[in-house]
Amino acid sequence: MAQRPIITVLGLVCFWSWMQSTYGEYLIGVGSYDMTGPAADVNMMGYANIEQNTAGIHFRLRARTFIVAENLQGPRFVFVNLDAGMASQLLTIKLLERLKSRFGNLYTEENVAISGIHTHAGPGGYLQYVVYSVTSLGFVTQSFDAIANAVEQSIIQAHNNLKPGSIFINTGDVKEASINRSPSAYLLNPAEERSRYPSNVDTQMTLLKFVDSASGKSKGSFSWFATHGTSMSNNNKLISGDNKGVAARLFEDWFTSQNKSSSPNSNSTELDIGELVQIAQLIKATGGKDCNEKSSQASKVRKNDGSLFVGAFCQSNVGDVSPNVLGAFCIDSGKPCDFNHSSCNGNDLLCVGRGPGYPNEILSTKIIGERQFRSAVELFGSASEELTGKIDYRHVYLNFTNIEVELDNKKVVKTCPAALGPGFAAGTTDGPGVFGFQQGDPEISPFWKNVRDFLKEPSQYQVDCQNPKPVLLSSGEMFDPYPWAPAILPIQILRLGKLIILSVPGEFTTMAGRRLREAVKETLISNSNGEFNNETHVVIAGLTNTYSQYIATFEEYHQQRYEAASTLYGPHTLSAYIQEFNKLAQAMAKGDKIYGNGTSPPDLLSVQKSFLLDPFGDTTPDGIKLGDIKEDIAFPGSGYFTKGDKPSATFWSANPRYDLLTEGTYAVVERLQGERWISVQDDDDLSLFFRWKVDNTSFHGFAAIEWEIPTDAISGVYRLKHFGASKKTIVSPINYFTGASSAFAVQ
Ligand SMILES: *[C@@H]1O[C@H](CO)[C@@H](O)[C@H](O)[C@H]1NC(C)=O
Ligand SMILES: *[C@@H]1O[C@H](CO)[C@@H](O)[C@H](O)[C@H]1NC(C)=O
Ligand SMILES: *[C@@H]1O[C@H](CO)[C@@H](O)[C@H](O)[C@H]1NC(C)=O
Ligand SMILES: *[C@@H]1O[C@H](CO)[C@@H](O)[C@H](O)[C@H]1NC(C)=O
Ligand SMILES: *[C@@H]1O[C@H](CO)[C@@H](O)[C@H](O)[C@H]1NC(C)=O
Ligand SMILES: *[C@@H]1O[C@H](CO)[C@@H](O)[C@H](O)[C@H]1NC(C)=O
Ligand SMILES: *[C@@H]1O[C@H](CO)[C@@H](O)[C@H](O)[C@H]1NC(C)=O
């Protein structure tokens, strides 16, 4: 019986691992909610192009959330990933208020992180400082409400489905999804420092996989990787989550199709194409009909009942990182642009970055999204390292106007009030500015100095403090009619076992991010007794909790390209971040609290100005109803469509801003299944396009729906359907309508 104890020990080990896998290490909840917002007339956030207003949807935007808790009583935190340009201070403030009234003190500024993916193709006007709402004509309530409701709903969902589970972490490189768009500035960093890295961008993706203990199934995955959401250009008018939104759509669909015996497309038909054409010919456009508020939701392909797998692609130290990986070229000569200034014979407008699908930006967006998606699938499949250990967090508000920073040489320097340099106005190779500036401009012309001084002449203190940045806009000294730039910024550290997430309120450049991560890691290690070690893994969550533009290194600051010119608080901005993050890290490592949360940022909701008018009075000519077909399907000579074809139809419609059809859809592709129409695609699909148009003489509105028949479509009879809403007068109730095109056969 000598073996007995060994068997018992083995039994215990098995029992222990069974316990572990059954009950998991943490409580995990995930949630997701539609935050698409107004698909007409609203300026897109990102490029600051006054002409880039929404006019339709490529695919929908979502807020995706995970909550992790040690146990019901123990520490927990919330991470929300927004398909938005960036987080917004006002949004964070209002969300915290809503969470307080709903959950008491469970979720506060300390343990909630709200992060933006940095798409440049989402509705703007939801930030509170003037600089970020000039091109949106001020505050846009509809944009704000759509995002705020989505964040709240996704958190409620995640909170309600908190269940025991395990978390696995994995890391790997994403290839050809990023290049440095300011390599000349990167080169100013010390050679010794640069030589420690294989590339001038961080190619690592860090992925978390959440596995539910009871079912053994994964319920979600969040990953961080740095690349700009600028695959879609500053001419695009379709709402889009850009490359990270694509990656999320592909990943969630991939996961869902994995474990489904039949996908919606898998019912094939026995009929041949001749018979399909005959059936299709019998079914004409329906004409506009009234429907109800829930009709479009009922037609969605992916219904949000709270049980969806949530796959999120989060942003990181994205500052100088472009998805336009073929490089920047002069559009006149086709030659590479000037290295230091990213211009062509002095003209910045001619120098434009090219994505891998150039000149097709939708294709570029798909390719860069697909590269992130494929890396995530690989990391997800092979994730075997389980996270264990504490959940913890530290948070503080800092007034970046005048932080004293002690440098390594003991010299004490200061940050400055926010200011922008001319390189900011030059834009980047992802979206050049229109005012004739160049990146790296060392001076401002007398003309622009006059314009600047008309707005606000910078103080001498500011000019000296920001040097060598020439001050083009002293936004930190401008308070009329309300502050132009943030002064108070939140910084936050979240801990999940060996994973450390740094919530930064802006866009760190590649090297700035590396310095911050290393400093925090060193501080954690040197202030703890082995609790942190070189296995501690630090990621940067970019554009989180509020937005304050860029953070370049001190060396990069000296070239004053776009990223440096947008580093608001002067040459020592990064050093201030490192110093203050180190304080939080030290407190975390030692188990100390932060004494004093700092001054809270102002709530500027009541002083916001809004100049965008609501739509009203959309009409149709006599005898035509909303939802009636304007241009029906144009059949090819063969009488039917094949894969890759693009059937389209245009409907008489009303402004999409009357109702955002949240968790619903403006457009559906339906397939005839016996006697019933079933939805196979909606406006959240990458191959269905919903475009909103207004006739500029009659002011009638139209919804154009175009379907790129995907390669996995099955033969059958299809039609395109539109949903919309209108209001006769400002005070009338909303009226919902729908209409369908004539049927068409697809082989
Ligand atoms: C599909 O289900 C099986 C069995 O439930 C599970 O082992 C597998 O991990 C699931 N696939 C994915 C991608 O989660
Ligand atoms: C496929 O066809 C069968 C039989 O008509 C039907 O019961 C089922 O719901 C269909 N599946 C889908 C996804 O349409
Ligand atoms: C870029 O600027 C640096 C510093 O002024 C200079 O040394 C270098 O020659 C320039 N490179 C090019 C390609 O113009
Ligand atoms: C930030 O600090 C500056 C300089 O001390 C001060 O003038 C300003 O009022 C502070 N800002 C806020 C919002 O507290
Ligand atoms: C951690 O430290 C050990 C021993 O010093 C070393 O072998 C290992 O490579 C280090 N790991 C990392 C990730 O740096
Ligand atoms: C810091 O903020 C948290 C959450 O808002 C609050 O519970 C705590 O009391 C604050 N601490 C101080 C010292 O004000
Ligand atoms: C009106 O629309 C037509 C055709 O789309 C276009 O050519 C014309 O430039 C537009 N006019 C204005 C003032 O936008």
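Ligands are counted one by one from 1 in listed order, and the atoms in each one are counted from 1 as well.
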- Under 4.0 Å to a heavy atom of Asn340 - the qualifying atoms of ligand 3, by number: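 It comes down to these atoms of ligand 3: 1 (C), 2 (O), 3 (C), 8 (C), 10 (C), 11 (N), 12 (C), 14 (O).
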- Task: Can you spot which of Val504, Asp202, Val318 makes a side-chain contact (heavy atoms from CB on, under 4.5 Å) with Ile540?
- Result: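 Result for side-chain contact (heavy atoms from CB on, under 4.5 Å) with Ile540: Val504.
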- Message: Salt bridge or not between Glu555 and Arg515? Use side-chain N to carboxylate O under 4.0 Å.
- Response: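 Between Arg515 and Glu555 there is a salt bridge, with a charged N closer than 4.0 Å to a carboxylate O.
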- Message: Taking the basic N atoms (NZ, or NE/NH1/NH2) and the acidic carboxylate oxygens, is any pair closer than 4.0 Å for Glu518 and Arg196?
- Response: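 Between Arg196 and Glu518 there is a salt bridge, with a charged N closer than 4.0 Å to a carboxylate O.
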Filter the ligand 4-protein atom pairs down to N or O on both sides and distance under 3.5 Å, then list them.
residue  : atom   : partner : partner atom : Å
ligand 4 : 2 (O)  : Asn399  : OD1          : 3.4
ligand 4 : 2 (O)  : Asn399  : ND2          : 2.2
ligand 4 : 5 (O)  : Asn402  : ND2          : 3.2
ligand 4 : 11 (N) : Asn399  : ND2          : 3.1

- Item | Considering all heavy atoms, the nearest Thr510-Val201 contact |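 For Thr510 and Val201, the tightest heavy-atom pair comes out as CG2-CA, 3.7 Å.
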- Task: Using the ring of Tyr197 (Phe, Tyr or Trp, six-membered ring only), decide whether Arg514 places NZ or CZ under 6.0 Å from its centre and within 45 degrees of its axis.
- Result: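 Yes - Arg514 lies over the ring of Tyr197, closer than 6.0 Å to its centre and within 45° of its axis.
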- Message: Tell me if the centroids of the rings in His341 and Phe339 come within less than 6.0 Å of each other.
- Response: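 Between Phe339 and His341, which both carry aromatic rings, the centre distance is not below 6.0 Å.
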